[in-house]
Structure formats: structure tokens, C-alpha cells
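Comments concern the structure below.
Both counts, for ligands and for their atoms, begin at 1 and track the order of listing. All residue numbers in this chain count up from 1 along the given sequence.
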Amino acid sequence: MRRLIRQFVRIETVAVLVTAWLGGALGLGLATGAGAVATVTLMALGPLLGGLLLLIRHSLELASRIGNLAGESVRTLGTVRRVGADTEKQIKQTFRQLEALQNLSAMLPASGVLPATRGWAASPDLLVALVDLVDTERPSLVVECGSGASTLWLALAMRRFETGGRVIALEHDPFFGGKTRDFLARHDVRDLAEVRDAPLESFSLGGGTYSWYARRAWEDLTGIDLLFVDGPPTTTGDQARYPAMPLLSGSLSPVATVVLDDLVVPDMQKVLRLWLDAYPDFGAEMLPLEKQAAVLRRSWPAG
Ligand SMILES: C[S@@+](CC[C@H](N)C(=O)[O-])C[C@H]1O[C@@H](n2cnc3c(N)ncnc32)[C@H](O)[C@@H]1O
């Protein structure tokens, strides 16, 4: 019915019908000698009916537009709520990271320009966790997979807490390795941290093939107290960071701590599951940080 009304009740059609009605009523009145009142009444019925039809059509159109508007309002409200929740989350996260940065600068005052954090680099909340590990565990040897901001902050922590230890960062990309070395030089901590150029090479491990840091860059390492796994980038292959444990677990000290970053990435969660399956003597503690991290330690001392 609605469709019929919309299809046939148009202003032009109604105008033609009303004009025809007026002509017909006038003709009928004259032909039958019905008198002026009856003829005019009959003629008036035409415009009235026409107006009523147009009113019904416009009411239907209005109702349909109101219906569409209500649907759009519900969708817009949903979007506004989502954006609002997301913005609130971002603001809270940004505040946490600023708080962490302030924490870092208070603990480890730096005299030069600092590398950017977040994104490709470790987030300030993780850097605070790493610095805290240096403070509480006093590692003699820190090995880092993937150099950058973290290398500098770890070296600054080694200097501040006078651990007598050093940091060795494995870096597959000479460009980023050079940048990290520049930062270490500017902050005068090149004696505490070394960036080793380690182009990726192929390793066959547990039935899979992985690209990982060249053996010559890490095969001499022993007694690693803190292993921070933040490379190679996930773009270099599936479970790109998995080899860290198979290849370096034999070089860990009995009380070693292993930190795995980026657990917001599902691929990294898989790496953690593979490690925990393959190394049942290690347990993991999850750190609820911006990018989520796991801290692994032996549940019982290594034999
Ligand atoms: C997750 S990043 C390592 C970050 C490092 N641990 C830090 O806190 O800055 C892993 C690798 O990504 C590469 N990388 C660093 N910054 C990058 C950038 N802006 N774009 C592309 N690759 C980058 C480097 O080769 C680095 O070893």
C-alpha cells in the first residue's frame, strides 16, 4: 500500500485528477440542474481528497526519513562511544608513558639528546622495568636482541647503579646499529655497551627454518644474566624471535632473566608458548605494559 501510494500519488497526477474532478462535477451540476450549493460541494470534494492523498504521501515520506535518521543516530552514537573509549584509553596510556619517562629521567639523568621511544623502540614503561631489573638483579652481562633506545637506557642504568657489567646488543641492520652507537657515544657509555653487527642468517631449529643473528656475533657469549629479546623485527619472518632461546639458552647464567617484548602481537604470544613448552624449567610472569611483555625465570636453579 505504502509503495502504491508513493508510486501513484504525485503532485502532477493529483493536479490532473483534481482538475478533471472539478470539470466533471461542474458538468454534472449543470447537466442535472442540481443547484449551486450541491455543485460547489461536489466540486470542493475533489481538492479535499487530492490534498488528503498528498498529505498521506508526505506523512509516509516523513515517517520513512525519521526511521532512517533514527538508524543513523544509533550508528553515530555507537561510533562516538567507541571513539570516546579509545581516546580515554590513549590518554591513560600516554599519561603512563609520560610518567615512566619522568621516572627514567629522574633515575638516570642524561646530558644529551635521547632516542625516541615507543613504536619501533621499546616503550618507556618497559624501559623502566628493564632499568629496575638492572638495579635489583645487578646483571654482569646483558644481551639484547635488537639495538636502539633500550641499549642506551640499559647502559645508563649500568653506569648509574655501578654494576660493573656490560650490555651487548645484536643488530642485523648496520644503519640502526650505527644510530645506536652514536647515541652511546654522545652519552659517553661506549665502554658499557657494544653493538654487534649481526646480519641475519638461516638456522634450522625444531623442524623450522628461521632468519636470526649471525652465529659469529653471539657464539662467544656465556653467563648472560639478562636477555632482552626485542628483535629481529617481526617482518623478517614468522616467529622471528623464537631462535633466541634455542640458540642462547645454553649461554644463560643459572639465575638468568629473559624478557620478551611485544606480546600484544599474536605471533609473539606463539613464541612465548613455544618457549614455555620447550623449556619447562622456565616460568613466565606477564607485565601489563603498553606492548605487553613477559619475564621468564627458571622455576628451579639450573643443574
Ligand atoms: C623492535 S626494534 C628494537 C628496538 C630496540 N630494542 C629499542 O628499544 O629501540 C627491532 C629492530 O628494528 C629495527 N628498527 C629500529 N628502528 C626502526 C625503524 N624506525 N624502522 C624500521 N626498523 C627499525 C632495528 O634493526 C632493530 O634492531
Open item on the list: Is there a polar contact, in the sense of an N or O pair closer than 3.5 Å, between Asp230 and ligand 1?
Closed with: yes
TODO: Can you sort out which atoms of ligand 1 are near Ala149, meaning under 4.0 Å from one of its heavy atoms?
DONE: 7 (C), 8 (O), 9 (O)
Open item on the list: Starting from Leu114, can I reach Leu154 by hopping between I/L/V/M/F/W/Y residues whose side chains sit under 4.5 Å apart?
Closed with: yes
TODO: Under 4.0 Å from a heavy atom of Glu144: give me the atoms of ligand 1 that qualify, with their elements.
DONE: 6 (N)
Open item on the list: I need the atoms of ligand 1 closer than 4.0 Å to a non-hydrogen atom of Gly148, numbered in the order shown.
Closed with: 5 (C), 7 (C), 9 (O)
TODO: May I ask you to decide whether Glu194 forms a salt bridge with Arg196, counting only side-chain N to carboxylate O separations under 4.0 Å?
DONE: yes
Task: Protein residue, atom and distance nearest to atom 2 (S) of ligand 1, heavy-atom basis - done: Trp120 O, 3.3 Å
Task: Sidechain-backbone polar pair: His172 side chain, Pro233 backbone, donor-acceptor under 3.5 Å - done: no
Task: Cluster overlap Tyr210 with Tyr279, hydrophobic side-chain contacts below 4.5 Å - done: yes
Open item on the list: Between Arg181 and Glu171 (salt bridge meaning N to carboxylate O under 4.0 Å), is one present in this structure?
Closed with: no
- [ ] Would you check whether Ser150 has a nitrogen or oxygen atom less than 3.5 angstrom from a nitrogen or oxygen atom of ligand 1?
- [x] yes
Open item on the list: Considering non-hydrogen atoms of the protein only, which is the closest contact for atom 11 (C) of ligand 1, and what is the distance?
Closed with: Pro233 CG, 3.7 Å
Open item on the list: Nearest non-hydrogen contact with atom 13 (C) of ligand 1 belongs to which option: Phe176, Phe183, Tyr213?
Closed with: Phe176
Task: Under 4.0 Å to a heavy atom of His172 - the qualifying atoms of ligand 1, by number - done: 25 (O)
- [ ] Below 4.0 angstrom from a heavy atom of Asp173, which ligand 1 atoms are there? Numbered from 1 as shown, please.
- [x] 25 (O)
Task: Side chain Thr19, main chain Ala15, donor-acceptor under 3.5 Å - done: yes
Open item on the list: Please state which option from Ala116, Ala122, Ser147 has its nearest heavy atom closest to atom 5 (C) of ligand 1.
Closed with: Ser147
Open item on the list: Taking Arg215's backbone N and O only, do any of them form a donor-acceptor pair with Glu201's side chain (distance below 3.5 Å, no angle check)?
Closed with: yes
TODO: Please answer: with hydrophobic residues joined when any side-chain heavy atoms are less than 4.5 Å apart, are Val264 and Leu274 in the same cluster?
DONE: yes
Open item on the list: Can you confirm whether more than 12 heavy atoms, excluding those of Lys291, are under 6.0 Å from its NZ atom?
Closed with: yes
Open item on the list: Is there a polar contact, in the sense of an N or O pair closer than 3.5 Å, between Pro232 and ligand 1?
Closed with: no
TODO: Output the list of atoms in ligand 1 that are nearer than 4.0 Å to some heavy atom of Glu171, sorted by atom number.
DONE: 24 (C), 25 (O), 26 (C), 27 (O)
